[in-house]
Amino acid sequence: MLDDRIFLKAYGKINLALDVLRKREDGYHEVRMIMQTVSLYDGIEIIRNSTGQIEIESNVFYVPNNENNIAYKAAKLLIEEFDIKEGVHIYIKKFIPVSGGMAGGSTDAASVLFGMNKLFNLGLNLRELMERGVKLGADVPYCLMRGTALSEGIGEKLTRLPDMVKCPILIAKPPISVSTRFVYEHLKLDEVKQHPDIDGMIEALKNRDLGGIASRLGNVLETVTIEQYPRIQEIKEVMLENHAINAIMSGSGPTVFGLFETSEEAYIAKEKLKELNYAKQLFVTDVFLPGAGRKTTQ
Ligand code: ATP
């Protein structure tokens, strides 16, 4: 007898480095990014039922509770491919800031693929789940893989990297809405003066050199988002004044993260940002490492 429900943690990501190499003729941007999973997660519960429908429920009103939710699309993809006649009720408890540059939607979708595979005994391995995930979004395969990884192409070419050094991470999402599409469309690559030293960061990861990693944090998309929203720069400065080893924006923003030596320092910086009212969504979290990875049927 198969279980009728499954609970999963859908972890968010930060970009330790984000570089854009060029705009391709098809309009997509070729990127080179170092991705890192963090311990901040959305709770996902999937319940099998006999309705034949996909139902989405969430604790926040601002994510869609219909076919526009990427978790719905993930369930639909497997239901159609495997001709599943039963229905599912998917409850999403959001903690990852929405539209924040932390792949919140992508990780929910990844967890739904993973959970449906288990719940309906579909027999897909991780690689097969990742092949399906990329149809939903470029970050979904990474969210299935998790950990420290180099992401290339349009985000779908993934190479596992040595694990990030564990450290406290402060996440701050100001109340600003940023469209990823807008940011990429307004990126003036020829004017970008500083590209992150990704190869140097990979070396620092190999050497487990937190200072070397932190000094190489970089995101070319800051040139667009910070110009539009100076608050992002102010948040970075508050983190740096409060002993962050370094701080940058994640993805297309507006979320900023800082790496710290101690969680005490991270909590002090968090309080400072709260006092200043620069961000309401504030979390002290840490590096998440998946160890042997997700267990899937082989
Ligand atoms: P990325 O880092 O991949 O650019 P993001 O973290 O900036 O993503 P998301 O939180 O994934 O952005 O949300 C982007 C949009 O997707 C929002 O407009 C949101 O309404 C919609 N959305 C659809 N499904 C979800 C979901 N399960 N969780 C969050 N947002 C979702």
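FYI, side chains are in, hydrogens and waters are out, and symmetry mates aren't considered; it's all heavy atoms of this structure. Ligands are counted one by one from 1 in listed order, and the atoms in each one are counted from 1 as well.
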Task: Listed partners of Ala269 passing side-chain contact (heavy atoms from CB on, under 4.5 Å), at least two apart - done: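 If we apply the side-chain contact (heavy atoms from CB on, under 4.5 Å) test to Ala269, skipping adjacent residues, the hits are Leu170, Asn242, Phe260.
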Task: Pair Asp19, His195: side-chain N/O donor-acceptor within cut-off below 3.5 Å - done: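 Indeed, the side chains of Asp19 and His195 share at least one donor-acceptor pair under 3.5 Å.
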Task: Sequence-distant partners of Arg231, salt bridge (charged side-chain N to carboxylate O under 4.0 Å, His left out), two or more places apart - done: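 With sequence neighbours excluded, Arg231 shows a salt bridge (charged side-chain N to carboxylate O under 4.0 Å, His left out) to Glu234, given in chain and number order.
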Open item on the list: Within this structure, what is the CD1-NZ distance for the pair Ile232 and Lys173, rounded to the nearest 0.5 Å?
Closed with: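 It is 10.0 Å, given to the nearest 0.5 Å.
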Task: Other ILVMFWY residues reachable from Tyr62 by side-chain steps of under 4.5 Å - done: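 Tyr62 clusters with Val60, Phe61, Val63, Val98.
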- [ ] Flag yes if more than 12 heavy atoms outside Tyr41 fall under 6.0 Å of its OH atom; otherwise flag no.
- [x]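 Counting other residues, nucleotides and ligands, OH of Tyr41 stays at 12 neighbours or fewer.
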In a simple table, one pair per line, please give the protein and ligand 1 atom names for every N or O pair closer than 3.5 Å, along with the distance.
residue  : atom   : partner : partner atom : Å
ligand 1 : 2 (O)  : Met102  : N            : 3.4
ligand 1 : 2 (O)  : Ala103  : N            : 2.9
ligand 1 : 3 (O)  : Asp139  : OD2          : 3.2
ligand 1 : 4 (O)  : Thr180  : OG1          : 3.2
ligand 1 : 6 (O)  : Gly101  : N            : 3.2
ligand 1 : 6 (O)  : Met102  : N            : 3.1
ligand 1 : 6 (O)  : Ala103  : N            : 3.1
ligand 1 : 6 (O)  : Gly104  : N            : 3.4
ligand 1 : 7 (O)  : Gly100  : N            : 3.3
ligand 1 : 7 (O)  : Gly101  : N            : 2.9
ligand 1 : 10 (O) : Ser99   : N            : 2.9
ligand 1 : 11 (O) : Gly105  : N            : 2.8
ligand 1 : 12 (O) : Ser99   : N            : 3.4
ligand 1 : 24 (N) : Asn69   : OD1          : 3.2
ligand 1 : 24 (N) : Ile70   : N            : 3.1
ligand 1 : 27 (N) : Asn69   : OD1          : 2.9
ligand 1 : 27 (N) : Asp108  : OD2          : 3.0
ligand 1 : 28 (N) : Lys94   : NZ           : 2.8
ligand 1 : 28 (N) : Asp108  : OD2          : 3.4

